[in-house]
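Worksheet: one structure, shown below.
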Amino acid sequence: MALLAVRVGPLDLANPVMAASGTFGYGTELAPFMDPGRLGAIVGKSISLEPREGNPPPRTVETPAGLLNSIGLQNPGLERFLEEKLPALRAFGTRVVVNIVGERVEDYVSLAGRLGEAEGVDALELNLSCPNVDRGLLFGSDPALTEEVVRASVVATRLPVIVKLTPNVTDILPYARASERAGAAAVSVANTYVGMALDWRSRRSRLARPTGGLSGPAIKPLVLRLVWQCRQGCGLPVIGVGGIATAEDALEYLVAGASAVQVGTATFADPAACARVLEGMGRLLDEAGVRDVNELVGSLRAAPAGRSPN
Amino acid sequence: MTLVGAPGVPPADLPGRVLALDPLGSEAFRLRLHVPGLGGEPAPGVFFQVLCREEEARDPLVRRPFSVADARAVRDGVEVDLIFAVVGRGTAWLASRRTGDTVRLLGPLGRPFAPGPGGLRRVVVAGGLGVAPFPLLVRTLRGRQASPDPVTVLLGARTARRVLCAREFEAAGARVRVATDDGTAGTRGQVTALLEEELDPGLGPAEVHACGPEPMLRRVVDLCAEAGVACQVSLERVMACGFGACYGCVVRARPASGGPPRHDRSCLGGPVYDAARLAGVEW
């Protein structure tokens with residue numbers, strides 16, 4: 001049986017399969033269908049200081065092999081998260097990563113500070129790149145602001161800080177490097193791509209807001225390349241997240257340079273998707289004679305001259 | 001006494017085998033599935049998330065929600081009926097299934113209709129495909145007691161060929177009244193005009209269950225609020241997951257415990273809502 005334990009900076013995980021923020025509720029929603037405790041980590045839905053009602057519906061629309069969403073960060077706020085959601089998350093018995101979002105640097109500092117004092121939180125993931133609220137992309141699309149908010153968060157907490165980067169920039173590397181300079185433990189690559197879907201007859205967006213964030217298999221090749229780029233150009237461990245639906249997808253991300261992966265949108269169609277990716281990963285590694293999953297991380301070779309990889 | 005509320009059937013991701021796919025009216029289908037793994041008959045008003053593609057495919061990506069139209073416990077599982085029309089890629093795939101094919105269902109999901117105590121006139125209002133959850137509800141309302149409450153089903157449709165399940169409701173012991181936009185069946189006009197007649201206080205205390213297009217449901221909610229009649233409506237939302245993870249399918253509703261309207265995940269808190277939680281709300 002292949003060894004599956006991985007380290008993501010200071011964070012040791014029983015296996016490299018994590019549940020992505022915003023696709024796994026706070027864990028209890030999935031419990032009827034699978035055991036969330038089997039996963040390497042659970043990343044909860046974004047938490048803000050105050051409760052947020054989110055955007056009006058329709059909030060999701062399917063596109064070819066993809067899903068556009070504009071949820072708008074609906075969440076119960078920090079206090080109710082600590083009271084109502086965290087105890088159940090902890091009880092699953094695996095790593096708990098709390099994804100946090102703010103409108104000002106001070107919001108991230110307050111959230112990071114409070115969550116650092118809470119028992120049962122293993123790491124924070126900073127959402128600097130929500131495309132679905134006004135100014136949501138602010139921190140994630142200016143490297144200086146990214147560095148400022150990450151540094152302030154790192155200083156405010158004892159917890160490892162993971163930075164979730166947006167793909168909606170010309171070059172992602174300055175953001176990965178800014179995160180590294182600011183003391184982040186890892187980067188999650190990447191959040192959703194801003195996109196649109198509309199109905200030309202009614203001249204209306206299919207979402208209540210004009211734009212949404214695209215996820216799902218449609219974006220996998222794009223994000224795979226971002227992961228590879230960050231691995232090449234930045235010293236931080238990379239968590240790959242974008243369109244993973246199968247164990248094959250996850251292993252491709254590891255070869256591109258991810259130390260761990262997050263399964264997101266696939267959970268919506270199959271609530272046991274994370275567990276299936278994990279099971280399939282062990283089986284495929286055994287079949288391939290790979291004894292330790294870490295052997296794959298960043299193992300991409302140059303394509304032989306004159307041969308197509310297909 | 002609670003009429004409906006079969007003991008909760010735990011939700012699961014299950015294969016169903018296609019028994020039949022029958023045309024229903026001019027536009028719709030009734031899909032009959034045998035689901036061996038299902039733990040019991042689902043309650044009226046709950047739904048399944050149906051995977052409308054081969055499992056290995058990645059498109060269409062997410063499942064489609066369908067109310068349980070009817071369900072019958074059989075020796076080795078449950079037979080489940082779904083009523084649908086082809087409105088996109090998912091339903092087109094579903095409409096191309098053949099007897100013996102496998103379709104994956106996740107459920108049962110959501111909160112069912114919860115009719116109040118016996119002794120009321122039951123009025124069911126269905127607009128177009130909104131008839132979907134009612135064969136099971138009507139059969140349950142008529143079947144659970146030695147002397148069942150009278151049930152009146154009001155069916156609204158654009159035209160006669162889109163009036164669905166009328167004979168089935170009659171066979172279950174319901175009185176059926178029809179309204180069509182073009183007058184080709186029943187009265188000409190809106191089904192809510194029939195509801196106004198049925199809400200006449202002189203007819204005795206009533207309870208209303210409704211499903212259909214949103215403008216119809218808004219009128220039903222308003223009429224019942226004015227008449228002081230208990231009402232439950234089944235709402236439709238674009239839904240990605242169906243089990244509370246995506247936060248996509250929200251409805252603005254007053255919390256059951258009171259207070260201002262909040263975004264409520266209709267896959268968990270609905271799809272059936274007490275009309276009192278929706279009256280006067282831009283849901």
Side-chain angles (χ1 to χ4, degrees), chain A residues 19-34 44-46 51-76 206-208 212 215-218 220 243 245-246 248-249 264-273 276, chain B residues 8-14 39 49-65 87-91 104-109 214 235-253 255 260-268 270 281-283:
Chain A
S21 181
T23 64
F24 211 74
Y26 299 100
T28 51
E29 291 88 345
L30 275 295
F33 308 105
M34 50 101 65
K45 183 167 167 52
S46 289
R52 294 186 67 125
E53 275 296 298
N55 294 336
R59 291 175 165 188
T60 66
V61 58
E62 191 181 83
T63 59
L67 185 75
L68 274 169
N69 85 79
S70 178
I71 308 298
L73 299 173
Q74 181 176 345
N75 80 89
R206 294 190 185 274
L207 298 168
S215 63
K220 198 194 85 180
T246 66
E248 300 265 2
D249 295 334
T265 302
T267 292
F268 295 157
D270 175 6
R276 278 197 308 98
Chain B
V9 180
D13 186 7
L14 301 165
Q49 277 282 63
V50 178
L51 192 69
C52 294
R53 58 171 159 85
E54 303 300 327
E55 271 182 77
E56 305 72 29
R58 297 183 191 196
D59 188 72
L61 186 59
V62 294
R63 297 182 190 230
R64 308 297 197 250
V87 296
R89 297 181 301 152
T91 41
R104 289 204 76 90
L105 298 92
L106 183 75
L109 300 165
E214 208 149 300
L235 301 184
E236 186 171 26
R237 280 287 182 269
V238 178
M239 204 173 261
C241 75
F243 45 87
C246 75
Y247 283 69
C249 63
V250 293
V251 163
R252 272 185 84 233
R262 311 289 297 270
H263 277 141
D264 186 59
R265 288 170 284 178
S266 65
C267 62
L268 300 179
V281 177
E282 265 308 311
W283 77 68

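In what follows, every chain begins at residue 1, and chains take the letters A, B, ... in the order their sequences are listed. Values below: all heavy atoms of this structure, side chains included; hydrogens, waters and symmetry mates excluded.
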| task | Would you mind listing every salt bridge (Lys or Arg N to Asp or Glu O under 4.0 Å) that reaches into residues 235-251 of chain B, with sequence neighbours excluded? | result | B/Glu214-B/Arg237
| query | Of all residues at least two apart in sequence or in a different chain, which pass the salt bridge (charged side-chain N to carboxylate O under 4.0 Å, His left out) check with A/Arg206? | reply |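 A/Arg206: no salt bridge (charged side-chain N to carboxylate O under 4.0 Å, His left out) contacts found.
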Under 3.5 Å donor-acceptor, [X] side chain and [Y] backbone:
{"X": "A/Glu53", "Y": "B/His263", "value": "yes"}
{"X": "A/Glu62", "Y": "B/Leu61", "value": "yes"}
{"X": "B/Gln49", "Y": "A/Ala269", "value": "no"}

| field | Choice from B/Gly242, B/Gly88, B/Gly90, B/Pro60 maximising heavy atom contacts with chain A below 4.5 Å | value |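 So the answer, after comparing B/Gly242, B/Gly88, B/Gly90, B/Pro60, is B/Pro60.
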| With respect to chain A, which residue among B/Glu56, B/Met239, B/Arg252, B/Arg64 yields the maximal number of heavy-atom pairs within a distance under 4.5 Å? | B/Arg64
Selection from [options] maximising heavy-atom pairs under 4.5 Å formed with chain B:
{"options": "A/Gly25, A/Pro57, A/Gly243", "answer": "A/Pro57"}
{"options": "A/Ala266, A/Gly66, A/Gly216", "answer": "A/Gly66"}
{"options": "A/Ala272, A/Gly22, A/Pro271", "answer": "A/Pro271"}

| said: Need one label for B/Arg265: side chain, backbone, both or neither, based on atoms under 4.5 Å from any heavy atom in chain A. | reply: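 The side chain, not the backbone.
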| query | With a 4.5 angstrom heavy-atom cut-off, which part of B/Ala240 approaches chain A: side chain, backbone, both or neither? | reply | both
| B/Arg89 atom CZ, neighbour heavy-atom count above 12 within 6.0 Å |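 Yes, because the 6.0 Å sphere around CZ of B/Arg89 holds more than 12 heavy atoms from other groups.
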Does any backbone or side-chain atom of [X] lie under 4.5 Å from a heavy atom of chain B? Answer side chain, backbone, both or neither.
{"X": "A/Thr28", "value": "neither"}
{"X": "A/Leu30", "value": "side chain"}
{"X": "A/Thr60", "value": "both"}
{"X": "A/Phe33", "value": "side chain"}

| task | Tell me yes or no: between the side chains of A/Asn75 and A/Ser46, is some donor less than 3.5 Å from an acceptor? | result | no
| Do the side chains of B/Asp13 and B/Arg104 get nearer than 4.5 Å, heavy atoms only? | yes
